[in-house]
*Asks:* 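Please find one structure pasted underneath; my questions will follow.
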Amino acid sequence: MTTASPASVQGLLLTADRLLDGELAGATNAGRHRGACLALRTALELCVDQVLEATTPGLSRTTGRAKLLLLHSVAPTKTARRAKALWSRLSLGCHYHLYELGPTYDQVRAWRTEAGNLVRELAH
């Protein structure tokens, strides 16, 4: 029996890239876009977790929204605001609603770029 390996930020960003590039067959465009949003949101959450754990250990049971608020105490205000805004957009993008169109390829590609930039900024 093998144990599941924990996800990595870079692995999740790569998964989003593969979904957007259409490498993972068997899914519709809308499904790939939503899947990429979920991978990007998870990567952002994992990155925020790592930044906060390095400065304030013991926050593993804190909610994601609270962690995004706490990010203001360890990262530049502009970076923390961008992270919260991106998380909100990705959250909307990965949930299916009958009354809304899903995210477009261009939207998800722009969010991927922003996620990559935030991950780099938060890592330093």
Side-chain angles (χ1 to χ4, degrees):
M1 181 179 201
T2 61
T3 58
S5 62
S8 72
V9 172
Q10 293 305 319
L12 288 162
L13 294 176
L14 179 61
T15 298
D17 289 337
R18 292 182 66 207
L19 283 163
L20 289 172
D21 293 341
E23 290 181 26
L24 303 175
T28 63
N29 284 338
R32 284 194 295 274
H33 297 167
R34 279 194 171 80
C37 285
L38 182 59
L40 292 171
R41 189 183 78 178
T42 305
L44 181 61
E45 290 171 348
L46 187 57
C47 182
V48 169
D49 285 349
Q50 292 170 351
V51 169
L52 290 175
E53 188 63 31
T55 59
T56 313
L59 294 175
S60 61
R61 298 189 77 177
T62 305
T63 66
R65 288 181 187 221
K67 289 176 183 178
L68 287 168
L69 290 172
L70 289 169
L71 189 60
H72 286 273
S73 66
V74 297
T77 300
K78 184 177 179 182
T79 302
R81 284 183 184 156
R82 285 175 41 223
K84 172 66 171 117
L86 179 62
W87 183 88
S88 295
R89 284 179 267 159
L90 291 170
S91 291
L92 288 174
C94 67
H95 289 98
Y96 177 76
H97 300 284
L98 287 174
Y99 52 85
E100 289 181 346
L101 294 173
T104 65
Y105 174 86
D106 292 333
Q107 286 175 311
V108 182
R109 183 53 71 188
W111 297 338
R112 165 58 180 95
T113 301
E114 178 69 356
N117 292 338
L118 281 168
V119 165
R120 275 190 297 283
E121 289 175 32
L122 290 170
H124 291 22

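As a basis for the values below, the full set of heavy atoms in this structure was taken, side chains included, without hydrogen atoms, waters or symmetry mates.
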*Asks:* Can you tell me how far CG of L92 sits from SG of C37, rounded to the nearest 0.5 angstrom?
*Replies:*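 Atom-to-atom, C37:SG and L92:CG are 9.5 Å apart.
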
*Asks:* Kindly indicate, with the supporting measurements, whether the criterion side-chain contact (heavy atoms from CB on, under 4.5 Å) is fulfilled by L44 and L40.
*Replies:* CA-CA 6 Å; L44 181 61; L40 292 171; over 6 Å; no

*Asks:* Could you name each residue pair satisfying salt bridge (Lys or Arg N to Asp or Glu O under 4.0 Å) that touches residues 87-107, not counting sequence neighbours?
*Replies:* none

*Asks:* Please confirm whether the backbone N or O of A80 pairs with a side-chain atom of H72, one donor and one acceptor, at under 3.5 Å?
*Replies:* no

*Asks:* Please report the shortest heavy-atom distance between L46 and A7, naming the atom on each side.
*Replies:* CD2-O, 3.2 Å

*Asks:* What's the shortest heavy-atom distance between C47 and V9, and which atoms?
*Replies:*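 Looking at all heavy atoms of both residues, the shortest contact is N-CG2, 3.8 Å.
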
*Asks:* Partners of T15 by side-chain hydrogen bond (donor to acceptor under 3.5 Å, both in side chains), sequence neighbours excluded?
*Replies:* none

*Asks:* Could you give all pairs that pass the ring-ring contact (aromatic ring centres under 6.0 Å, His included) test and reach residues 99-124, with sequence neighbours left out?
*Replies:* H97-Y99

*Asks:* side-chain contact (heavy atoms from CB on, under 4.5 Å) with T28: which residues, sequence neighbours excluded?
*Replies:*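 A30.
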
*Asks:* Which distance, rounded to the nearest 0.5 Å, do you find between the OG1 of T55 and the CD of Q50?
*Replies:* 12.0 Å

*Asks:* Quick one: list whatever passes salt bridge (charged side-chain N to carboxylate O under 4.0 Å, His left out) with D17, sequence neighbours left out.
*Replies:* R109, R112

*Asks:* The criterion is salt bridge (charged side-chain N to carboxylate O under 4.0 Å, His left out); which residues satisfy it with K84, sequence neighbours excluded?
*Replies:*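 Scan of K84 (salt bridge (charged side-chain N to carboxylate O under 4.0 Å, His left out), adjacent residues dropped) gives none.
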
*Asks:* What residues, two or more places apart in sequence or in another chain, satisfy side-chain hydrogen bond (donor to acceptor under 3.5 Å, both in side chains) together with T104?
*Replies:* Q107

*Asks:* Residues in side-chain hydrogen bond (donor to acceptor under 3.5 Å, both in side chains) with S91, at least two apart?
*Replies:*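 Scan of S91 (side-chain hydrogen bond (donor to acceptor under 3.5 Å, both in side chains), adjacent residues dropped) gives R41.
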
*Asks:* Mind checking salt bridge (charged side-chain N to carboxylate O under 4.0 Å, His left out) for E53 and listing every partner two or more places apart, or none if nothing turns up?
*Replies:* none

*Asks:* At what distance, to the nearest 0.5 angstrom, does CG of L14 lie from CG of D21?
*Replies:*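 Here the interatomic distance stands at 9.5 Å.
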
*Asks:* For R82, what residues pass the side-chain contact (heavy atoms from CB on, under 4.5 Å) criterion, not counting sequence neighbours?
*Replies:*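 Counting only residues at least two positions away or on another chain, R82 forms a side-chain contact (heavy atoms from CB on, under 4.5 Å) with K78, T79, E114, N117, L118, E121.
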
*Asks:* Same cluster for L20 and L38 if Ile/Leu/Val/Met/Phe/Trp/Tyr side chains link at under 4.5 Å?
*Replies:*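 No, L20 and L38 fall in different hydrophobic clusters.
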
*Asks:* For G22, does its backbone N or O pair with a side-chain atom of R32 as donor and acceptor, under 3.5 Å?
*Replies:*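 Checking the backbone N and O of G22 against the side chain of R32, no donor-acceptor pair under 3.5 Å is found.
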
*Asks:* Would you check, one step at a time, whether the test side-chain contact (heavy atoms from CB on, under 4.5 Å) holds for V119 with Q10?
*Replies:* CA-CA 9 Å; V119 165; Q10 293 305 319; 3.9 Å; yes

*Asks:* Nearest 0.5 Å, please: how far is CG in L19 from CG in N29?
*Replies:*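 The distance works out to 11.0 Å.
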
*Asks:* List for me each residue that meets side-chain contact (heavy atoms from CB on, under 4.5 Å) alongside L59, sequence neighbours excluded, and say none if there are none.
*Replies:*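 Residues passing side-chain contact (heavy atoms from CB on, under 4.5 Å) with L59: L52, T56, T62, L70.
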
*Asks:* Excluding sequence neighbours, so at least two apart, what forms salt bridge (charged side-chain N to carboxylate O under 4.0 Å, His left out) with R81?
*Replies:* none

